[in-house]
Amino acid sequence: MERKQFLKTLSLLPLTGAAMNLSELTGITSSFENTEAMPLLFLGHGSPMNAIEENEFTKGFRDISTRFEKPKAILCISAHWETRGTFVTAMEQPPTIHDFGGFPKALFDVQYPAPGSPELAEMTKELIQSTEVGLTEKWGLDHGAWSVIKHLYPDADVPVIEMSIDYSKGPEFHYQLGKELAALRRKGVLIIGSGNLVHNLRMVAWDKLETPGFAFDWALEARSKMNTWIMEGDHQSLVDYQKQGKAFQLAIPTPDHFLPLLYVLGLKEAKDEISLFNDKALGGSLTMTSAFIRPA
């Protein structure tokens with residue numbers, strides 16, 4: 001039910017029956033009872049091939065999922081769903097989107113049949129007050145979501161929804177929007193940002209992809225500063241990434257893969273503990289750095 005219609009309907013109820021009817025009308029939250037705060041994840045997803053390859057990064061994804069209880073549902077902000085405006089997937093069965101080309105057939109054959117959650121989509125819409133949120137069935141799970149979530153929950157038994165990135169808005173907007181999702185952490189929802197901190201595909205040294213840790217100097221500089229600011233809680237420097245000089249301009253030529261981090265950092269609470277994993281460079285101009293934020 002739309003929020004305006006909900007309020008209109010509520011205003012028409014007899015006062016004596018309001019409590020019972022309010023309970024019925026807010027039944028959309030019935031399966032999301034209060035829980036302890038869930039952790040937060042930023043996952044450097046890298047190549048779509050990580051969905052089917054066995055390597056240190058996929059092992060890192062699997063290992064991190066053993067460090068906290070299984071969530072009731074997942075909300076993922078993926079680098080690969082950019083829209084004008086903010087949207088949330090709201091279908092019962094989101095399709096697996098193969099939003100890439102030039103890869104082996106085995107990758108296109110992968111399906112990740114996790115259910116969706118119209119209930120969680122509606123909750124997310126209601127929480128966000130700073131912008132209008134559209135509910136849509138015209139997307140699904142892109143590879144920024146399913147290629148990593150399938151390692152966390154290979155049985156596809158946790159409902160997953162995605163929230164899009166509004167490409168018309170600046171980094172401060174995305175950081176603040178993340179904060180508005182805070183209540184979901186105490187409803188058993190695992191919030192994941194999926195992207196890459198250093199992500200410049202045009203400058204990849206393809207002949208160095210098999211050289212462990214190879215990185216250009218500017219990539220190392222950007223990674224070092226990013227990691228320091230993440231660990232020290234200097235979120236403003238990360239929000240202001242466009243002011244951080246040449247290394248950052250090369251590391252973040254477009255914002256799509258960086259912005260999911262800002263949603264996660266916006267959700268971090270003062271007492272939360274943060275650690276990094278999969279913190280490796282690839283091909284000179286990419287990093288797989290991922291962050292795990294957990295309640296103290």
Side-chain angles (χ1 to χ4, degrees), residues 38-46 50 57 60-61 64 74-82 86 142-145 147-149 152 162-167 169-182 184-185 189-201 215 219-245 247-270 272-282 285-294:
M38 289 294 294
L40 303 161
L41 289 173
F42 172 79
L43 301 179
H45 64 244
N50 286 320
F57 306 121
F61 299 145
I64 206 68
I74 294 170
L75 185 156
C76 182
I77 300 100
S78 165
H80 293 280
W81 190 22
E82 293 184 282
T86 301
D142 58 59
H143 83 269
S147 72
V148 287
I149 295 174
L152 303 179
E162 279 198 47
M163 188 166 76
S164 71
I165 295 172
D166 184 349
Y167 62 77
K169 303 295 187 181
E172 182 69 29
F173 169 87
H174 298 287
Y175 179 72
Q176 296 298 333
L177 187 57
K179 292 179 180 296
E180 294 186 66
L181 302 173
L184 296 180
R185 291 188 66 188
V189 178
L190 174 65
I191 298 175
I192 298 175
S194 177
N196 287 97
L197 298 188
V198 176
H199 186 265
N200 191 326
L201 292 181
L220 290 176
E221 177 186 341
R223 185 186 74 168
S224 177
K225 288 182 179 179
M226 290 175 186
N227 288 2
T228 297
W229 291 336
I230 289 170
M231 295 303 296
E232 292 181 351
D234 184 358
H235 296 176
Q236 196 59 51
S237 290
L238 293 160
V239 170
D240 293 336
Y241 72 88
Q242 294 163 311
K243 302 176 182 178
Q244 305 305 338
F248 273 67
Q249 293 172 18
L250 292 170
I252 313 170
T254 58
D256 47 347
H257 278 69
F258 186 78
L259 292 178
L261 172 72
L262 299 186
Y263 283 83
V264 173
L265 293 183
L267 281 156
K268 182 182 180 296
E269 298 176 1
D272 288 345
E273 298 174 350
I274 188 164
S275 59
L276 302 179
F277 63 102
N278 284 358
D279 186 26
K280 295 286 184 67
L282 284 176
S285 63
L286 305 168
T287 60
M288 293 292 290
T289 308
S290 300
F292 175 49
I293 299 172
R294 63 179 178 181

Mark yes or no for whether Ser290, through its side chain, and Asn278, through its backbone, hold a donor-acceptor pair below 3.5 Å. no
Is there a side-chain contact between Ile191 and Ile77, using heavy atoms and a 4.5 Å cut-off? yes
Those residues at least two apart in sequence (or on a different chain) that pass side-chain contact (heavy atoms from CB on, under 4.5 Å) with Leu201 are His199, Val204, Leu286
Residues in ring pair (Phe, Tyr, Trp, His ring centres under 6.0 Å) contact with Phe61, at least two apart in sequence or another chain: none
Nearest 0.5 Å, please: how far is OH in Tyr167 from CG in Leu259? 14.0 Å
Spacing of Asp142 atom CG and Trp81 atom CH2 [to the nearest 0.5 Å]: 8.5 Å
Could you check whether any side-chain heavy atom of Leu43 comes within less than 4.5 Å of a side-chain heavy atom of Phe277, counting everything from C-beta outward? yes
Check: Ala251 main-chain N/O paired with Asn200 side-chain donor or acceptor under 3.5 Å: no
Shortest non-hydrogen contact from Val148 toward Ser194: CG2-OG, 4.1 Å
How many angstroms lie between CD1 in Ile192 and CG in Leu41, if you round to the nearest 0.5 Å? 5.5 Å
Taking side chain as C-beta onward, heavy atoms only, is Ile64 less than 4.5 Å from Leu152? yes
Ala291 versus Leu276, closest heavy-atom pair with distance: CB-CD2, 3.9 Å
Heavy-atom closest pair (Asp279 atom, Thr289 atom, distance to 0.1 Å) is OD1-OG1, 2.5 Å
Listed by chain and number, what are the salt bridge (Lys or Arg N to Asp or Glu O under 4.0 Å) partners of Lys169, not counting sequence neighbours? none
For Asp272, all residues meeting salt bridge (Lys or Arg N to Asp or Glu O under 4.0 Å), sequence neighbours excluded: Arg185
Side-chain heavy-atom pair Lys225, Thr228 within 4.5 angstrom cut-off: no
Are Tyr241 and Leu261 packed together at the side-chain level, in the sense that at least one heavy-atom pair is separated by less than 4.5 angstrom? no
Please report the C-alpha distance between Tyr263 and Leu75 in whole Å, then the side-chain angles of each, then the deciding distance to 0.1 Å, and finally whether the side chain to side chain contact (heavy atoms under 4.5 Å, CB included) criterion is met. CA-CA 11 Å; Tyr263 283 83; Leu75 185 156; over 6 Å; no
Go through the structure and list residues passing ring pair (Phe, Tyr, Trp, His ring centres under 6.0 Å) with His80, not counting sequence neighbours. His45, His143, His257
Hey, what do you get for CD (Glu162) to CD1 (Ile74), rounding to the nearest 0.5 Å? 11.0 Å
Pro260 and Ser78: which non-hydrogen atoms are nearest, and at how many Å? CG-C, 4.3 Å
If you measure from CG on Leu262 to CZ on Phe42, what distance do you get to the nearest 0.5 Å? 9.0 Å
Heavy-atom check, side chain of Val239 versus side chain of Pro171, under 4.5 Å: yes
Heavy atoms from other residues, nucleotides or ligands near NZ of Lys268 exceed 12 (cutoff 6.0 Å): yes
Before you tell me yes or no, could you show the steps for Ile252 and Met226 under side chain to side chain contact (heavy atoms under 4.5 Å, CB included), namely the whole-Å CA-CA distance, both residues' side-chain angles and the distance that decides it to 0.1 Å? CA-CA 11 Å; Ile252 313 170; Met226 290 175 186; 3.7 Å; yes
Mind checking the NE2-CG spacing from His235 to Leu265? Nearest 0.5 Å is all I need. 4.5 Å
Nearest heavy-atom pair of Arg223 and Val198: which atoms, and what distance? N-CG2, 4.3 Å
With Asp240, which residues qualify under salt bridge (Lys or Arg N to Asp or Glu O under 4.0 Å), at least two apart? none
Do the side chains of Phe258 and Leu197 get nearer than 4.5 Å, heavy atoms only? yes
What I'd like to find out is whether the side chain of Tyr175 reaches to under 4.5 Å of the side chain of Gln236, using heavy atoms alone. no
